[in-house]
Amino acid sequence: MSFIHLKSKVKTILSNDAESTEQRLKEVCELLQSSVGYYDWVGFYFAKEAEKTLHLKAFAGEPTDHVVIPFGKGICGQVAVSNKNFIVSDVTAQDNYIACSITVKSEIVIPLFKNGKNIGQIDIDSHLEDPFSEEDERFLEWVNEEVAVIL
Ligand code: SME
């Protein structure tokens, strides 16, 4: 499915006020994971500023042990601090990386901003090496902007 088609589906999910925010986020994760061949795990982490930790709020794919990640640790923790997109084409080349599964070869993490503040992120793992492009970055930035509206 093209990103254009996915955008309209994401909008439909997020506009469903009858469902909780968590449920809508879960459905977005499921949509992306099942529609984009190289998105094997999709999740949203949100920051607890006081604790300086990220907490997994919704995901699709294999359950992970890493439901709480300290700021600075792993790809996710680094994005919590840098406020910048992070594409890892080959996870074995990263020193500061938290492995969830040996099948994961690459990862993309895009920060989620609300009123200009980095409050969380979308994290996607792929079983392919180097599948992510600028098109994914622009699409996922858009997803995060839409999610920020309902938070
Ligand atoms: N690999 C991530 C940890 C989260 S899992 O991908 C679900 C990281 O290094 O931050």
Side-chain angles (χ1 to χ4, degrees), residues 1 3 6-7 9-10 13-14 19-114 116-151:
M1 196 182 296
F3 285 142
L6 280 177
K7 280 184 176 184
K9 289 189 178 250
V10 167
I13 291 170
L14 292 176
E19 285 178 349
S20 68
T21 301
E22 201 158 332
Q23 177 62 23
R24 284 181 268 175
L25 291 180
K26 185 167 182 274
E27 287 174 20
V28 170
C29 291
E30 285 166 352
L31 171 71
L32 300 190
Q33 194 251 3
S34 62
S35 309
V36 183
Y38 52 96
Y39 288 7
D40 291 295
W41 189 93
V42 179
F44 285 100
Y45 285 92
F46 288 94
K48 283 194 183 164
E49 280 296 331
E51 289 179 15
K52 300 256 172 273
T53 47
L54 291 163
H55 296 253
L56 185 62
K57 188 159 180 176
F59 73 96
E62 290 295 307
T64 175
D65 290 340
H66 305 291
V67 293
V68 180
I69 298 175
F71 283 13
K73 201 155 179 281
I75 309 305
C76 296
Q78 290 178 75
V79 169
V81 176
S82 73
N83 307 323
K84 294 215 164 43
N85 296 350
F86 198 161
I87 292 182
V88 180
S89 53
D90 172 9
V91 295
T92 62
Q94 290 292 320
D95 292 335
N96 189 359
Y97 169 72
I98 304 166
C100 284
S101 149
I102 53 158
T103 55
V104 174
K105 297 233 168 44
S106 55
E107 178 160 0
I108 183 169
V109 179
I110 306 288
L112 192 157
F113 298 96
K114 176 89 182 171
K117 194 172 162 40
N118 178 1
I119 60 160
Q121 51 193 237
I122 189 166
D123 173 22
I124 298 180
D125 289 342
S126 179
H127 297 169
L128 297 185
E129 208 172 289
D130 199 13
F132 301 112
S133 69
E134 281 185 20
E135 223 196 324
D136 297 278
E137 284 187 80
R138 298 295 89 77
F139 170 63
L140 297 168
E141 286 166 357
W142 177 88
V143 169
N144 281 354
E145 282 165 21
E146 294 296 316
V147 167
V149 173
I150 68 159
L151 297 176

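Please read all numbers here as calculations on a predicted model, not as lab measurements. Each ligand, and each atom within it, is numbered from 1 in the order the structure gives.
A side-chain hydrogen bond (donor to acceptor under 3.5 Å, both in side chains) with Asn85 is found for one member of Glu137, Glu134, Gln121 and no other, namely Glu137. When each of Leu56, Val28, Leu54 is paired with Phe44, the side-chain contact (heavy atoms from CB on, under 4.5 Å) condition holds for Val28 and for no other.
Proximity of a side-chain donor or acceptor of Ser106 to a complementary backbone N or O of Leu128 within less than 3.5 Å is detected. Counting only distance, with no hydrogens or angles, the side chain of Thr53 and the backbone of Val68 share no donor-acceptor pair below 3.5 Å.
Among all non-hydrogen protein atoms, the one lying nearest atom 3 (C) of ligand 1 is Ile98 O, 3.7 Å. Ranking protein heavy atoms by distance to atom 8 (C) of ligand 1, first place goes to Ile75 N, 3.3 Å.
Proximity to Asp123 (heavy-atom distance under 4.0 Å) selects the following atoms of ligand 1: 4 (C), 5 (S), 6 (O), 7 (C). Of all the atoms in ligand 1, the ones that sit under 4.0 Å from a non-hydrogen atom of Asp125 are 5 (S), 6 (O), 7 (C). Using a 4.0 Å cut-off to heavy atoms of Glu107, the atoms of ligand 1 that qualify are 1 (N), 2 (C), 6 (O), 8 (C). Residue Tyr45 has at least one heavy-atom neighbour below 4.0 Å for each of these atoms of ligand 1: 4 (C), 7 (C).
Contacts between Cys100 and ligand 1, counted as non-hydrogen atom pairs separated by less than 4.0 Å, involve the side chain only.
Between Trp41 and Phe59, the angle of the ring planes stays under 30°, which puts this pair in the parallel group of the 30/60° scheme.
Of all heavy-atom pairs between Asp136 and Ser133, the closest is OD2-N, 2.8 Å.
Contact between Phe59 and ligand 1 is absent, with no heavy atom of the residue lying under 4.0 Å from the ligand.
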